[in-house]
Amino acid sequence: MLDIKYIRDNLDLVARKMTERRADIDFAGFSILDQKRRDILKEVEGLRSERNNVSKEIGRRKKTKEDAQELIDQMGSVSSRIKKLEDELKGVEAELNDLIMVIPNMPHASVPAGAGSEDNPVIRTWGEKPSFNFSPRPHWEIGEALNILDFSRAAKIAGARFAVYRGAGARLERALINFMLDLHTEVHGYTEVLTPYMVNRQAMTGTGQLPKFEEDLFKVAGTDYFLIPTAEVPVTNLHNSEILDERDLPLYYVSYSACFRAEAGSYGKDTRGLIRQHQFNKVEMVKFCKPESSYDELESLTFNAEEVLQRLGIAYRTVTLCTGDLGFSSAKTYDVEAWMPGQGDYREISSCSNFEDFQARRAGIRFRRESTGKVEHLHTLNGSGLAVGRTVVAVLENYQQEDGSVKIPEVLIPYMNGVDRIASIK
RNA sequence: GGAGAGAUGGCUGAGUGGCUGAAAGCGAUCGCCUGCUAAGCGAUUGUACGACCCAAAAGUUGUACCGGGGGUUCGAAUCCCCCUCUCUCCGCCA
């Protein structure tokens, strides 16, 4: 969330940025509630102060056996007035909170204005798209022909938007997970964590999935648990309500997790294949850092994600999300899009974001700056490193051979127990 | 699932109705002392939200906060109720 004082002092700027983001926020209502809250607070605090003083005097008189009944009677009415104001205050604060929690983050000054994904500028491209002397097939055809992906049996046991991996397919998914985790822990300096896949409402609120996007989540019936849509949620919330030491920053975490998304509102989109599943695997990088370094950290985070594709030898491009395409909690996001020959298009395979202090304020994640002794909200970032299912898509489609087999990228061969090609047995 | 014990500041831990934002110890920071280190001595060691002041910072001041929520009371860390979490024992279980 945004700092309430910041909104109050920069109302016009915030309102303008929210329009760019296409977020419809009731700022007039905000101002009224904010003023009302402070008015009530002023009165109630004055009365509480009075009550504290008089109560002390009552205590003193009782000790010296003086009569205090008059003061006690007097405080009775003050207390009931306080109670009434406190109830009122609670209501106003709840309303104000409801409003503030659905205001998205402010886009960073470097984020280009735009309406949607078609306005995202490409900032770099890497690698050569493979050329085929046959027409490249989509991964679901390759995978089903090799009997390594099975969508119809997945539909039988779960439904649409699920997949069963089999044999070398399952091994490929696992190989990619291990390859990515090893790269980020051994080369890029991240600490691996393995977290719960279900979290409570507070954690979901901390990273911004709640209260606004509950319909995108799976909720576990009969409990107050939600299935995580990304490891960002448990990992970022690892430090919620903490004050970290400045010397411990930056913190780098990498976490493999299954991810669960309801995909409400995406009916008809990517209905075939592994691109859009209710459950998929992802290796996620999360950083906690000081405000002054978060944009440098965003660059290195994005390069860390890109390096996975470079080592796999898969062409990609990186785009900056424009204001209209930016996620709710993000101040700036780069999407890395891998070339997928079977789709004939670049597809998002990683999304790297700087949330600045937006999540840190929601989740209460702070650090103490040694030079001033003051606590400040730190900055959080995260990025996929990478979405594993989509990486399988990229490998199958980029490394497909005319005979229907799929070569295994060099770096994955050790993770595939020496297998360098997936071919159908018959 | 049953029975019991707990939750207090960076940590340990006192505190059973008012003088407690909270003893004491540890740790940390600064200073003194000191060939070096250690020891010793002294000081410091909240967070949030308001108000005042204000370019800002600083400062002054008020309120709240002892797991979370509600209640009793003139007054609650302290009494009562509900919830969450942790620990121990029994049962069950991968």
Side-chain angles (χ1 to χ4, degrees), chain A residues 1-10 13 30-97 99-101 194-206 210 220 222-226 234 237-249 251 288 291-292 357 360-378:
Chain A
M1 67 186 148
L2 301 179
D3 182 2
I4 189 165
K5 279 179 276 190
Y6 180 83
I7 303 174
R8 188 186 296 150
D9 295 341
N10 301 278
L13 173 68
F30 167 83
S31 293
I32 292 166
L33 283 169
D34 179 50
Q35 189 57 52
K36 201 165 164 193
R37 170 176 170 273
R38 283 182 292 160
D39 289 345
I40 298 172
L41 206 53
K42 211 166 146 181
E43 186 181 355
V44 81
E45 288 189 348
L47 290 172
R48 285 201 282 228
S49 176
E50 183 188 352
R51 183 180 68 185
N52 287 344
N53 289 329
V54 175
S55 289
K56 256 178 216 162
E57 173 64 14
I58 292 168
R60 196 194 61 75
R61 286 197 190 178
K62 288 214 163 177
K63 194 157 278 179
T64 58
K65 306 261 197 273
E66 286 175 70
D67 179 47
Q69 195 51 48
E70 189 190 334
L71 292 177
I72 290 173
D73 294 345
Q74 191 186 321
M75 281 308 100
S77 66
V78 170
S79 276
S80 59
R81 173 70 182 156
I82 289 173
K83 181 157 297 273
K84 186 164 165 281
L85 286 170
E86 281 175 342
D87 288 345
E88 215 175 303
L89 183 65
K90 217 173 283 179
V92 170
E93 286 186 334
E95 271 186 77
L96 198 54
N97 189 55
L99 187 60
I100 275 188
M101 292 303 271
L194 187 63
T195 70
Y197 295 170
M198 288 184 241
V199 299
N200 57 32
R201 189 172 283 277
Q202 186 196 333
M204 284 294 184
T205 306
L210 291 178
V220 181
T223 74
D224 207 27
Y225 294 128
F226 296 87
N237 280 287
L238 234 36
H239 293 295
N240 82 39
S241 327
E242 290 185 20
I243 298 172
L244 301 172
D245 284 344
E246 181 178 3
R247 69 186 74 155
D248 292 335
L249 299 176
L251 285 169
F288 299 79
E292 60 269 30
D357 63 6
R361 182 169 288 108
R362 287 179 162 241
I365 313 170
R366 296 172 295 175
F367 76 102
R368 189 177 302 278
R369 194 182 286 280
E370 281 177 36
S371 58
T372 60
K374 298 277 180 213
V375 293
E376 297 175 35
H377 289 105
L378 47 69

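Lettering of chains follows the sequences in order, A, B, ..., and the numbering in each one begins at 1. Heavy-atom basis, side chains included; hydrogens, waters and symmetry copies ignored.
In this structure, the side chains of A/Arg8 and A/Arg38 come closer than 4.5 Å at one or more pairs of heavy atoms. Here the side chains of A/Gln202 and A/Asn240 are in contact, with some heavy-atom distance below 4.5 Å. Under the 4.5 Å side-chain criterion, counting only non-hydrogen atoms from C-beta, A/Thr223 is not in contact with A/Met198. In this structure the side chain of A/Leu2 never reaches within 4.5 angstrom of the side chain of A/Ile100, judged on heavy atoms. In this structure, A/Leu47 and A/Arg51 have side chains that are not in contact, with every pair of non-hydrogen atoms separated by 4.5 Å or more. You'll find the side chain of A/Lys62 reaches within 4.5 Å of the side chain of A/Ile72, heavy atoms only. For the pair A/Arg60/A/Glu57, a side-chain contact is recorded, criterion being any heavy-atom separation below 4.5 Å from C-beta on.
Looking only at atom types and distance, the side chain of A/Gln69 has a donor-acceptor partner in the side chain of A/Asp73 under 3.5 Å away. Side-chain atoms of A/Asn97 and A/Glu93 include no donor-acceptor pair closer than 3.5 Å.
With P as the reference atom, B/rG13 and B/rC26 are 15 Å apart, rounded to whole Å. Separating the C1' atom of B/rU84 from that of B/rG68 is a span of 7 Å, rounded to the nearest Å. B/rG40 and B/rA57 are spaced 42 Å apart, taking the P atom of each and rounding to whole Å. Nucleotides B/rU63 and B/rA5, compared at atom C1', are 35 Å apart to the nearest Å. When the P atom is used for both B/rA14 and B/rA7, the distance is 9 Å, rounded to whole Å. Nucleotides B/rG67 and B/rU8, compared at atom C1', are 10 Å apart to the nearest Å.
When rounded to the nearest whole Å, the span between CD of A/Glu246 and P of B/rA28 equals 18 Å. Atom CD1 of A/Ile40 and atom P of B/rU63 are 19 Å apart (whole Å). In this structure, A/Arg48 atom CZ and B/rC65 atom P are separated by 8 Å, rounded to whole Å. In this structure, the CG atom of A/Asp245 is 12 Å from the C1' atom of B/rG27, given to the nearest Å. Put simply, CG on A/Leu47 is 13 Å from P on B/rG75, counting in whole angstrom units. One interatomic measurement links the two molecules: CD of A/Glu57 to P of B/rC19, which rounds to 14 Å at whole-angstrom precision. Distance A/Ile82 CD1 to B/rG62 C1': 13 Å, rounded to the nearest Å.
When the shell of 6.0 Å around OH of A/Tyr197 is examined, it contains more than 12 heavy atoms from other residues, nucleotides or ligands.
Considering only side-chain N and O atoms, A/Asn52 lies nowhere under 4.0 angstrom from the phosphate OP1 or OP2 of B/rG75. Contact check, A/Ser79 against B/rU73: no side-chain N or O comes under 4.0 Å of OP1 or OP2.
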Checklist entry - Once each nucleotide of nucleotides 43-58 of chain B is scored for protein heavy atoms under 4.0 Å, what B/S/- sequence comes out, 5' to 3'? => result ----SSBSS------S

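Taking a cutoff of 4.0 Å between a charged side-chain nitrogen and a carboxylate oxygen, A/Glu88 and A/Lys36 do not qualify as a salt bridge.
Backbone-only engagement by A/Arg51 is indicated by non-hydrogen atom pairs under 4.0 Å involving sugar-phosphate atoms exclusively.
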Item to check | Nucleotide pairing, RNA chain B (Watson-Crick or G-U, distances under 3.5 Å), in dot-bracket with [ ] and | | outcome: ((((((((.[[[..)..(.....]]]((((((.......))))))(((((((......))))))).[[[[[..)....]]]]])))))))....

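Taking 3.5 Å as the limit, the base of B/rC19 and the side chain of A/Lys56 contain no donor-acceptor pair of atoms between them.
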When you compare the protein's N or O atoms with those of nucleotides 68-71 of chain B, which come within less than 3.5 Å of each other, and at what distance?
| unit_1 | atom_1 | unit_2 | atom_2 | d |
| --- | --- | --- | --- | --- |
| B/rG70 | OP1 | A/Lys90 | NZ | 2.6 |

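Here the straight-line distance linking atom CZ of A/Arg48 with atom OG of A/Ser79 works out to 11.0 Å at 0.5 Å rounding.
Comparing A/Arg247 and A/Gly76 by the nucleotide of RNA chain B whose heavy atom lies nearest to each, the residue mapping closer to the 5' end is A/Arg247.
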